[in-house]
Amino acid sequence: MRKRLVALLVPALLAVAGCTDAGPENAPRTRDEAAQSRPSPFADCSGLTTDRPSAPPATPTAAGTASATPAAAGTPLPELTLACFTGGAPVDLHQIRGPAVINLWASWCAPCRAELPAFQRLSERAEGQLTVVGVNMRDTRSGAQSIGEDFGVRFPSLIDQGEALQRSLGRKAIPMTVLVDANSRIRHVDVSGALDDARLAELVRVHLGVAVPE
């Protein structure tokens, strides 16, 4: 009888011991934690910026509100510091090396998803002539990473959870595309909706003087 009781107790004790040993490393991970463990599809942000004197300070606006008027052509990029999706040193936006095309996007935005492949092709076709930079808005890391992986997006992307760039530009639309010249001054802000290859090439030619190869 005693042997039979021991035989029944041992498996139960082992099962309890197994549960006790399960630590946080074995617990289910959130989607964002799982995304962080995967290699980022986006390029790192080293080399995006150049040293230049700070632009004159912009007229201050009320906290949390958009500028009274949209940023005009010739306005310097705002003096904002944004994190890079891949980590590393934050990026001073007004120091981005131009000419550049800055695309504000989010995984939950259908027009953004529609145009992202065109921006990736632009980054490849115009390599050496201009820089394509993404700014991921109000998104989850897992959502942004999945879109990058699914659409083959590899250009660098910054993170702006607080919509600071939108507010600085005085616009709330998304997707938004900002064309920046070699002096990091805004030449055009496009909020017309999803852009295709032809429209992107036209904007770059007209506002930045860059001819995108076919």
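Here the structure is a predicted model, which means the values were calculated and not measured. Residue numbers start at 1 and run along the sequence shown.
- Ion pairing of D160 with R138 is absent here, as no side-chain N (NZ or NE/NH1/NH2) approaches a carboxylate O to less than 4.0 Å.
- Both M176 and V180 are members of a single hydrophobic cluster when ILVMFWY side chains are connected at heavy-atom separations under 4.5 Å.
- Within the cation-pi definition used here (under 6.0 Å to the ring centroid, within 45° of the axis), R113 does not qualify as a partner of F151.
- Hydrophobic clustering (side-chain heavy atoms under 4.5 Å, transitive across Ile, Leu, Val, Met, Phe, Trp, Tyr) keeps I174 apart from I159.
- Nearest heavy atoms, T86 versus C45: OG1-N, 4.2 Å.
- E202 and R199 are joined by a salt bridge, as a carboxylate oxygen and a charged side-chain nitrogen come within less than 4.0 angstrom of each other.
- Atom CG of L208 and atom CG of L179 lie 4.5 Å apart (nearest 0.5 Å).
- Remark: T177 OG1 to N103 CG distance equals 4.5 Å, nearest 0.5 Å.
- Taking CH2 of W105 as the start and OG of S157 as the end, the distance is 5.0 Å to the nearest 0.5 Å.
- Partner of I147 under the side chain to side chain contact (heavy atoms under 4.5 Å, CB included) criterion, out of D139, L116, N136: L116 alone.
- Using modelled atom types, no side-chain atom of N183 and backbone atom of R185 make a donor-acceptor pair closer than 3.5 Å.
- Heavy-atom neighbours of E127 CD from other residues, nucleotides or ligands within 6.0 Å: at or below the threshold of 12.
- A salt bridge is absent between R125 and E214: the closest approach of a Lys/Arg side-chain nitrogen to an acidic carboxylate oxygen does not fall below 4.0 angstrom.
- Annotation for E115 and A194: closest pair OE1-CA, 3.5 Å, computed over non-hydrogen atoms.
- Checked by atom type and distance alone, the side chain of E79 never pairs as donor or acceptor with a backbone atom of H94 at under 3.5 Å.
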